[in-house]
Amino acid sequence: MNGIKNKKFGKTSVLLIVGIALGAVFLTGCTEQETTTITIKGSSTVLPVAETCAEEFNKLHSDIKVTVAGGGSSLGIKSVANGEADIGSASREVKQSEIDQYGDIFIDHVIALDGVAVIVSKTIYNAGITDITLDQLKGIYNGSISKWPTLGGPEEATFVDEREEGSGTRDTFMEIVDLEETNADKANSANSEVKQAVAGSNKAIGYVGLGYVSDQTPALKINGVKPSAATIKDGSYPISRSLHMYTKGEATGAVKEFLDFVMGSEGQAFVEEEGFISIL
Amino acid sequence: MLLPRSLKEELIKYLFFSVAAVSIFIIFFIFFFLFQEAFPAFQEMGWDIFSTNWNVSEGQYGIGAAIFGTIIVTIGAMLIAIPLGILGAIFLSELAPYRLRVILKPIIELLAGVPSIVYGFIGVVLIVRYLQVSFDMLSGYSFLAGSLILGVMALPIIISMSDDAMKAVPRSYKEASLALGATKWETIKKVTMPSSISGISAAVVLGIGRAVGETMAVSLVLGNVMKIPIPPWDMFESTGTTLTSLIVRDMGEATGLQVNALFAGATILFVIVAIMSISSNILRERVEKKFKGG
């Protein structure tokens, strides 16, 4: 008898659980319909700005949820083209090859300016290498200059750090320094990794976003111009770029609202907080 | 419950057969997929795929530098792991007092369970820094750092499995040897080692397999650049890449023929492992035959 009773109880509880589960699914379904989700994917350079802006924006709008992911500029552009993301962030402009591949569907929103700073190990900087020309940079990265004494530095080989393919920082650097191929010693997957490699060495050179310059990794002047907000805004610092958020066609609705927020005074405050240069 | 015994037996047999068949099918599909995806790269590029000319902007995908890196790092790792591993196993199984063995063995086995990213992290923070400062290397990121880490990662497998193999040698063999007046070392060299050689070579193959296929730890300390050291004797100091790190680095960005080139890399990796495994089997059979015949 007891066994049978237990079995019956088992059936009721199973029904109950299924009911609760169905109810939960139904309820979540309801709330999801009311919230608009905006997905941003792309550049690791834009990532910190996008994240802080999204966080603040989500607080202000209970009906919109912005989610942010990295992956690199190329992925951002690919994702917005195939609809995986509403906004594709990139630290470079859309390439002609991408327009050929996906069609002329991209609308550009410049959200910030940034300079690519060339950093060296502290010992190199202290030994007197504080200024470099674009030609010398080209020589270092294509391998024709492989020792610091060529530039008047200490008796050491150059440990050349670059970024991996797909990095917008790399694309900007390569284009402005006029390089097709490099002969670097280490390919890094993030700005912070370059910074770490350069800081940990006594003969390294690398390039990073302006926000990653520090005392341990001092930035060189390029053709006599120091990278700073002022020199990048007035265009005198040569290795600079703008940061972009791309949409597929004109932005509308919640996406437009978010972009306005980023490009407005509040968003631009976050841009400066993250070490970039405001467009305002 | 009411099934006749014979039928039940049959059913279980088929169940086990189908489970075994599934794993064979999975391997077959992996084969097929790898070769299918790699084929266009071989077709398009011919022998150029083995060249060292890797230039994405020009559509040149020669993976020679990565093959070279894989071979160098694996050889380096084995130079470290095989002697240390086998000597460690001899100590553990033949020489260590029982109490020490009981403590050491589980600790060594625990080493095998450390996630590779942890080895990689330690490599970046300690080994790379140490090599740079102590040997005045270009950066410390180097084939040497990769070999050291992989060697350490392969050690627990080689020690633990070789130890098991030596422990499995019948006691009577060793006793007979000692009774004939052989010393402990002679017994190890002429009786224990030859009888357990199949187990030891299996351990070494597994260790090599781990070294060849390891990705995370290596890509953290190698530098990930498609480069062959010039001059060649700089091989341990210079940075480079392996097939695994190349695939990890580029798969997110690759399109078109580059994807096929990465699959070609995976296929070559597969072939390297297969050749190693087969040649070790041949070697093992030869040694066994000789030992049993003698």
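What's counted below: heavy atoms across the whole structure, side chains too, no hydrogens, waters or symmetry copies. Per chain, numbering begins at 1; letters A, B, ... match sequence-line order.
Closest of all the heavy-atom pairs between A:Glu181 and B:Trp54 is OE2-O, 3.9 Å. The two atoms that bring B:Leu138 and A:Lys203 nearest to each other are O-CE, 3.0 Å, heavy atoms only.
Using a 4.5 Å cut-off between heavy atoms, B:Val128 makes no contact with chain A at all. With a 4.5 angstrom heavy-atom cutoff, A:Thr158 touches chain B only via backbone atoms. With a 4.5 Å cut-off on non-hydrogen atoms, A:Asp161 does not touch chain B at all.
The environment of CZ in B:Phe121 is sparse: at most 12 heavy-atom neighbours from other residues, nucleotides or ligands sit within 6.0 Å. Counting heavy-atom neighbours within 6.0 Å of B:Leu7 CG, excluding the residue itself, gives a total above 12. Shown here is A:Asp100, whose CG atom has more than 12 heavy atoms of other residues, nucleotides or ligands within 6.0 Å. The neighbour count for A:Lys195 NZ, taken as heavy atoms of other residues, nucleotides or ligands under 6.0 Å away, is above 12. Applying the 6.0 Å contact sphere to CD of B:Gln36 captures more than 12 heavy atoms from other residues, nucleotides or ligands.
Most heavy-atom pairs under 4.5 Å with chain A: of the set B:Asn224, B:Val225, B:Val124, B:Thr239, this distinction falls to B:Val225. Between chain B and the residues A:Gln101, A:Gln196, A:Glu180, A:Glu165, the most heavy-atom pairs under 4.5 angstrom are made by A:Glu165. The candidate from A:Ala184, A:Ala157, A:Ser189 with the greatest count of non-hydrogen atom pairs under 4.5 Å with chain B is A:Ala184.
We find the CG-CZ distance between A:Asn188 and B:Arg249 to be 11.0 Å, quoted to the nearest 0.5 Å.
Between the B:Gln132 side chain and the A:Gly200 main chain, a donor and an acceptor come within less than 3.5 Å of each other.
Between A:Asp185 and B:Lys227 there is a side-chain heavy-atom pair separated by less than 4.5 Å.
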